[in-house]
Amino acid sequence: MTTPASKNTADTDGPLTIDDLARRVQLPVRTIREYHTMRLLPPPERRGRLGLYDDRHVQRLRLITRLQRRGYSLAGIRDLLGAWESGTDLVTLLGVDESQAALDETPLFLTRAELFQRLPALDEATLGRASRIGLVRPYGEDHFGVRSPALLGLVADWVRLGASLDGALDLVEVLAGDLDTLAGKLASLVIECIWEPATATGRAGELPDLLRRGRPLLLQGAASTLADRIGAALAERAGTATDGGQLLAVLDERRVGAFADSAGRIHRRGDAG
């Protein structure tokens, strides 16, 4: 089966050492070693004590970089690549069907051991807190549901980079609490401004289809708006952050720099005409 790493043409001239590979893909050697530890990168061919790499590794590293730029966490990328290589079809891989938004994830059901493997910093105390704020939900003694695998993967990435688990859970708790408040306000407005007027005009029969179509659109709109607001808020606070210039550079790289017109043509922001 063709894997994501083998879809591009080869561009290596021969076996590469890890230093050669790092120069080719413009990544630090320590990052490549870290990807090995996370099982994101296939092992090199061993020749004695020397590990040698080829174009599969080059393409895999470039794919990882592209997916990170699109907002995927390293844990999410690992799951994505593992599912692809196991032969999972795209619909199952993304956790959607034609009636769902791609943003609406398929929940995970994990054993205690599997959960601790995905987030090794967990202990019984922090597991209790993760359950209270809704990051995981216990089912019996040894099983847990994860409504957002992406959020669990993001927490794992933050902790791996040096954040405390309590700090990461603080962020999840704020997110969950504010989303509860927002959901309540939106639900009231949907009833007051959409459902009640439609029933008053005798068009309530159209509402189920409208809600089915509206749900993914609302999710997509909320995600796009939230991404912009978080980026703007981070930019405002960069001046007081350690190495704020680098933070601004990262934010600028992630900024949406194009738009589509009504005909579907893509334009870069700032282009004349």
Asks: Less than 4.0 Å between a side-chain N and a carboxylate O, is that true for Arg56 and Glu45?
Replies: no
Asks: Tell me whether Glu196 at atom CD has more than 12 heavy atoms from other residues, nucleotides or ligands lying less than 6.0 Å away.
Replies: yes
Asks: State, with a plain yes or no, whether a side-chain heavy atom of Leu108 is found less than 4.5 Å away from one of Arg147.
Replies: no
Asks: Test Val174 against Asp170 for side-chain contact (heavy atoms from CB on, under 4.5 Å), laying out the working first.
Replies: CA-CA 6 Å; Val174 168; Asp170 285 344; 5.7 Å; no
Asks: For Leu169 and Ile133, work out which heavy atoms get closest and say how close.
Replies: O-CD1, 3.6 Å
Asks: Within a radius of less than 6.0 Å around CZ of Arg46, do more than 12 heavy atoms belonging to other residues, nucleotides or ligands occur?
Replies: yes
Asks: To the nearest 0.5 Å, how far apart are CG in Leu41 and CZ in Arg33?
Replies: 11.5 Å
Asks: Heavy-atom distance under 4.5 Å between the side chains of Pro197 and Glu192, does that happen here?
Replies: no
Asks: Are Leu27 and Leu21 connected in the hydrophobic side-chain network, where two residues link if heavy atoms are under 4.5 Å apart?
Replies: yes
Asks: Any heavy-atom pair between the side chains of Leu165 and Leu119 that's under 4.5 Å?
Replies: yes
Asks: Does the side chain of Asp228 pick up a donor-acceptor pair with the side chain of Thr225 at under 3.5 Å?
Replies: no
Asks: Could you go through Asp54 and Leu16, starting from their C-alpha distance and side-chain angles, then the distance that decides it, and tell me whether this counts as side-chain contact (heavy atoms from CB on, under 4.5 Å)?
Replies: CA-CA 6 Å; Asp54 56 28; Leu16 302 170; over 6 Å; no
Asks: If I compare all heavy atoms of Leu110 with all of Glu114, which pair ends up nearest, and what's the gap?
Replies: CA-OE1, 3.4 Å
Asks: Quick one: are Pro44 and His36 in side-chain contact, heavy atoms under 4.5 Å?
Replies: yes
Asks: Answer yes if Leu226 and Leu234 sit in the same cluster of Ile, Leu, Val, Met, Phe, Trp and Tyr residues linked by side chain heavy atoms under 4.5 Å apart, and no otherwise.
Replies: yes
Asks: Examine Tyr53 together with His57 and report whether their ring centres are nearer than 6.0 Å.
Replies: yes
Asks: I want to know whether Phe109 and Tyr139 have ring centres closer than 6.0 Å.
Replies: yes
Asks: Going by heavy atoms in the side chains, are Val136 and Leu115 under 4.5 Å from each other?
Replies: yes
Asks: So, for Ile77 and Ile64, which heavy atoms are closest and what is the spacing to 0.1 Å?
Replies: CD1-O, 3.8 Å
Asks: Give, for atom CG of Leu61 and atom CD1 of Ile32, the distance between the pair rounded to the nearest 0.5 Å.
Replies: 5.5 Å
Asks: Determine, using the 4.5 Å side-chain heavy-atom cutoff (strictly less than), whether Trp195 and Leu189 are members of one ILVMFWY cluster.
Replies: no
Asks: If you round to the nearest 0.5 Å, how far is CZ of Arg23 from CD1 of Ile18?
Replies: 11.5 Å
Asks: Where is the tightest heavy-atom contact between Ala22 and Val29, given as atom of each residue plus distance?
Replies: CB-CG2, 3.7 Å
Asks: Any heavy-atom pair between the side chains of Arg62 and Val58 that's under 4.5 Å?
Replies: yes
Asks: Looking only at side-chain N and O atoms, does Asp123 offer a donor or acceptor that is under 3.5 Å from a partner on Thr126?
Replies: yes
Asks: Please tell me whether Leu154 and Leu179 are part of a single hydrophobic cluster in this structure, the criterion being side-chain heavy atoms less than 4.5 Å apart.
Replies: yes
Asks: Is Arg129 salt-bridged to Glu173, cutoff N-O under 4.0 Å?
Replies: yes
Asks: Between Arg112 and Glu141, what is the shortest heavy-atom contact and its length?
Replies: NH2-O, 2.8 Å
Asks: Grouping I, L, V, M, F, W and Y whenever their side-chain heavy atoms are under 4.5 Å apart, do Leu151 and Leu182 come out in a common cluster?
Replies: yes
Asks: For the residue pair Leu127 and Phe116, establish whether any side-chain heavy-atom pair is separated by less than 4.5 Å.
Replies: yes
Asks: Between atom CZ of Arg24 and atom OG1 of Thr17, what is the distance when rounded to the nearest 0.5 Å?
Replies: 10.5 Å
Asks: Return the minimal non-hydrogen interatomic distance between Trp158 and Ala168, and the atom names on each side.
Replies: CE3-CB, 3.8 Å
Asks: Is there side-chain contact between Arg60 and Pro42, with heavy atoms separated by less than 4.5 Å?
Replies: yes
